[in-house]
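Residue numbers begin at 1 in each chain, while the letters A, B, ... track the order of the sequences.
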2 protein chains.
Amino acid sequence: MTNRSRKTIKDVAAAAGVSIGTASRALNRRGRVSEATVIRVTNAAKKLGYQPDAIAQSLRLKSTMVIGMLVTDLSNPFFAGVIRAAEKRLQQAGYALLVGNTDNESEREGALIDLFRRRRVDGLIMGPCAAENVPLLEDLDQNDVPIVGYDRDVGSDQSGLHVDHRRAAYEATRHLLNLGHERIALLSSSSKLSPGRERIAGYTEALAERGFEPRDDLIRAHKSSMDFVASEALSLMSLRPAPTAFLTLGTRMLAGTLQGLRQNGLRIPQDVSVLTVGDTDLARLHAPSISTVTWDLELVGQMLAELMLRRLDKSEDGAPQRIIIPTQLIERESCGSPGA
Amino acid sequence: MTNRSRKTIKDVAAAAGVSIGTASRALNRRGRVSEATVIRVTNAAKKLGYQPDAIAQSLRLKSTMVIGMLVTDLSNPFFAGVIRAAEKRLQQAGYALLVGNTDNESEREGALIDLFRRRRVDGLIMGPCAAENVPLLEDLDQNDVPIVGYDRDVGSDQSGLHVDHRRAAYEATRHLLNLGHERIALLSSSSKLSPGRERIAGYTEALAERGFEPRDDLIRAHKSSMDFVASEALSLMSLRPAPTAFLTLGTRMLAGTLQGLRQNGLRIPQDVSVLTVGDTDLARLHAPSISTVTWDLELVGQMLAELMLRRLDKSEDGAPQRIIIPTQLIERESCGSPGA
DNA sequence: TTGAAAGCGCTAACAA
DNA sequence: TTGTTAGCGCTTTCAA
């Protein structure tokens with residue numbers, strides 16, 4: 001029964017006493033086949049444990065049923081959660097997900113795009129990256145491989161999903177302003193990527209609405225280690241007058257900030273308020289818990305998959321779409337009025 | 001130059017004025033080819049932007065250069081970190097990584113194994129799952145698809161990597177015993193999976209060494225939500241005599257425990273000590289920081305890839321191997337002596 | 001050293 | 001309704 005070598009459609013055809021063409025039609029229920037042969041072929045296939053070879057199918061059908069996804073860091077919870085949801089949705093539609101880590105390096109991303117192209121992925125989902133690689137993407141586009149951008153622009157004729165980072169930072173800043181804070185320190189992971197830029201813009205905008213100028217000495221936007229962020233937080237607190245609130249953008253920033261404040265014996269929210277953009281276990285479970293402006297990772301992953309499937313589905317209109325994911329403020333314990 | 005359709009080796013051959021056989025040999029530098037034609041063909045390929053079609057190569061060479069990896073939850077940081085490292089190492093060796101989420105469901109895992117088999121992955125890395133799917137795995141094995149188990153047994157003739165969970169829990173328990181704790185509550189995510197079982201064994205063993213019996217009322221091992229864990233923690237603390245220390249196995253358990261203790265106004269480590277197995281941001285950055293017994297996720301991912309590559313490399317011996325990853329205790333602020 | 005041709009496993013067009 | 005055949009793009013015999 002279980003034979004050493006994998007069965008091909010040839011084996012099935014032979015076992016059912018039909019030609020391979022007929023076997024193929026019977027298995028796929030395509031074209032004219034008698035019900036009797038369908039049953040005979042299906043049974044033979046089952047008995048042999050036959051599974052069609054996806055590679056051969058891909059070659060023939062020019063579709064691999066594989067979607068590639070590129071992110072800077074698979075292990076970043078914000079990406080991991082999205083990937084998980086996207087994979088789930090894609091799997092339902094029969095697609096598999098090939099993932100790649102760019103480490104935020106342009107060459108690595110280029111190499112991966114190339115690799116995915118060679119592997120003939122049916123579509124590509126691209127997360128933010130400090131890279132352009134426009135020619136490669138255009139090439140994919142010309143070969144009818146749809147691209148879906150995630151917090152990233154990948155061409156005007158492609159679909160894109162964008163978390164509303166600008167508004168997230170805007171709302172966060174407003175929340176702090178409403179509490180009476182005027183000197184709000186901003187710690188952002190990197191202004192090079194689109195989300196980082198957007199957030200800084202939102203922060204600036206909220207400030208401007210109240211007639212405040214963003215102060216350069218209150219904004220720190222480097223990609224950096226947690227220890228470095230901790231010392232940044234300390235250096236910010238040694239300014240005179242010191243900031244009364246911290247707005248942290250990204251997990252690492254929050255972690256470093258908390259560490260820095262703690263080392264200095266500063267209490268949250270009595271001595272300083274903290275608000276973070278993007279929810280994490282840390283924010284939820286820290287004592288005190290950290291207020292946050294956040295969004296639904298599962299929704300993001302699902303919608304990314306959905307955007308992709310829509311472009312892939314030939315029966316649909318298939319026009320590129322643009323989706324903005326809204327954000328919500330979750331108030332917890334880390335924000336108070338200055339000097340309260 | 002950039003033509004609408006992708007170039008094939010036929011185009012390259014035509015452009016270089018040679019046959020496709022020669023073009024193939026020249027591009028792969030295999031067999032006898034004159035240096036002159038190699039150059040001519042290579043140039044033609046470059047000019048046309050030719051990239052060999054991986055699907056066609058796969059069909060012909062019977063190797064897809066794709067490795068499948070199955071875990072219960074991609075977004076679990078413990079898996080995400082491992083996947084990231086594994087992908088990195090595999091990519092260096094020219095392999096791509098196809099990932100799948102089993103959600104810890106046997107059918108889903110079975111479906112994914114099947115899918116990967118159909119896609120002819122060259123190898124399969126399988127994380128722990130409450131599933132057996134032995135026949136499917138045997139089938140893969142019979143088709144010379146190596147399987148590498150990660151915290152999971154996948155057959156005696158397969159490679160496996162195991163974090164030493166038993167020892168981790170053993171060391172953790174001993175650490176608490178050494179501090180003078182006698183009533184140590186154990187919160188484990190699930191005793192169904194191998195890591196869970198091992199950990200409970202380690203806990204029991206350390207206790208037995210000191211002549212303590214593991215008390216059933218101190219052990220809670222269900223898969224459960226964070227809120228549920230919090231109430232479990234509270235119910236444990238209402239025992240008389242109450243436990244003086246908590247050993248939490250897994251992120252969710254730690255998070256729930258911390259929340260429960262906090263709701264009850266219990267201070268760490270004054271009122272109760274907490275030690276967790278598996279390091280996370282939360283453990284590192286919680287106030288107070290939580291001591292942990294942990295291991296190197298990057299090493300795990302790297303070694304998984306290494307095990308796989310070794311089995312794939314025909315030039316090597318290729319015998320299945322078994323690797324045990326050691327764990328280390330990191331003392332932080334969450335453990336003290338009872339009543340100190 | 002090169003070209004011609006077979007064939008990987010499959011589907012689809014065309015004949016029968 | 002079924003069988004035969006071409007061909008997806010590639011590598012690798014086998015002849016020349």
Side-chain angles (χ1 to χ4, degrees), chain A residues 3 5-42 44-45 48-66 94 117-122 143-145, chain B residues 3 5-42 44-45 48-66 94 117-122 143-145:
Chain A
N3 209 319
S5 64
R6 80 195 310 143
K7 300 303 179 204
T8 74
I9 199 167
K10 223 165 151 182
D11 301 313
V12 176
V18 296
S19 72
I20 57 170
T22 306
S24 171
R25 266 164 296 172
L27 289 168
N28 299 314
R29 287 203 167 55
R30 211 193 299 281
R32 261 123 263 288
V33 221
S34 73
E35 200 48 40
T37 39
V38 168
I39 293 172
R40 210 139 38 88
V41 171
T42 314
L48 294 172
Y50 168 76
Q51 296 272 104
D53 183 324
I55 299 296
Q57 285 180 318
S58 299
L59 186 61
R60 181 65 232 230
L61 300 174
K62 307 201 154 312
S63 157
T64 55
M65 299 300 279
V66 172
R117 183 174 92 112
R118 285 195 344 96
R119 289 189 192 276
R120 288 221 204 158
V121 294
D122 285 351
N143 284 288
D144 280 329
V145 177
Chain B
N3 210 318
S5 64
R6 80 198 304 143
K7 298 305 178 201
T8 74
I9 199 167
K10 222 165 152 182
D11 301 312
V12 176
V18 296
S19 73
I20 58 170
T22 305
S24 171
R25 267 164 296 175
L27 289 168
N28 299 313
R29 288 203 167 53
R30 211 193 297 284
R32 261 124 260 288
V33 219
S34 73
E35 199 47 40
T37 37
V38 168
I39 292 172
R40 210 137 39 88
V41 170
T42 314
L48 293 171
Y50 167 76
Q51 297 271 103
D53 183 323
I55 298 296
Q57 286 179 318
S58 297
L59 186 61
R60 179 66 230 230
L61 300 175
K62 307 201 154 312
S63 158
T64 54
M65 300 300 279
V66 172
R117 183 175 93 112
R118 285 193 347 94
R119 289 190 193 277
R120 288 223 208 155
V121 294
D122 285 350
N143 284 289
D144 280 329
V145 178

Throw together a table of side-chain donor-acceptor distances under 3.5 angstrom for residues 8-18 of chain B, partners on residues two or more places apart or in other chains.
from	atom 1	to	atom 2	distance (Å)
B/Thr8	OG1	B/Lys10	N	3.1
B/Asp11	OD2	B/Thr8	N	2.8

### Summary
Per nearest nucleotide of DNA chain C, the residue lying toward the 5' end, B/Arg40 or B/Arg120, is B/Arg40

### Task
For DNA chain C, note the earliest and the latest nucleotide, 5' to 3', having some atom under 4.0 Å of a heavy atom belonging to chain A.
C/dG9 to C/dA12

#### Entry: Main-chain N/O of B/Val145 paired to B/Asn143 side chain as donor or acceptor, under 3.5 Å
no

### Query
For the helix from C/dT1-D/dA16 to C/dA16-D/dT1, what angle lies between the axis at the first five pairs and the axis at the last five pairs, to 10 degrees?
50°

### Task
Give every residue pair that meets the salt bridge (Lys or Arg N to Asp or Glu O under 4.0 Å) criterion with at least one member in residues 18-33 of chain B, sequence neighbours excluded.
none

### Summary
Distance col, row B/Arg6:CZ vs A/Asp144:CG, nearest 0.5 angstrom, shows 11.0 Å

### Query
Mind checking which nucleotides bracket the chain A contacts on DNA chain D, 5' to 3', with an atom under 4.0 Å from a heavy atom?
D/dT1 to D/dG9

### DNA chain D contacts made by residues 22-39 of chain B, counting heavy atoms under 4.0 Å
B/Ser24, B/Asn28, B/Arg30

#### Entry: Test side-chain contact (heavy atoms from CB on, under 4.5 Å) applied to B/Ser63 - qualifying residues, sequence neighbours left out
B/Met65, B/Asp122

### Message
Could you work out, with side-chain contact (heavy atoms from CB on, under 4.5 Å) as the rule, every residue matching B/Ser34, not counting sequence neighbours?
### Response
B/Ala36, B/Thr37

### Contact list for DNA chain C against residues 49-60 of chain A - heavy-atom distance below 4.0 Å
A/Tyr50, A/Pro52, A/Asp53, A/Ala56, A/Gln57, A/Arg60

### Query
Which comes earlier along DNA chain C counting from the 5' end, the contact point of B/Ile20 or that of B/Lys62, where each point is its nearest nucleotide?
B/Ile20

### Task
Keeping the roles fixed (side chain from A/Arg119, backbone from B/Thr64), state whether a donor-acceptor pair exists under 3.5 Å.
yes

#### Entry: With sequence neighbours excluded, residues passing side-chain hydrogen bond (donor to acceptor under 3.5 Å, both in side chains) with A/Arg40
none

### Message
Applying side-chain contact (heavy atoms from CB on, under 4.5 Å), can you list everything that pairs with A/Ile39, at least two apart in sequence or on another chain?
### Response
A/Glu35, A/Asn43

### Task
Could you pull out all residues at least two apart from A/Arg118 that satisfy side-chain contact (heavy atoms from CB on, under 4.5 Å)?
B/Gln51, B/Pro52, B/Ala54, B/Gln57

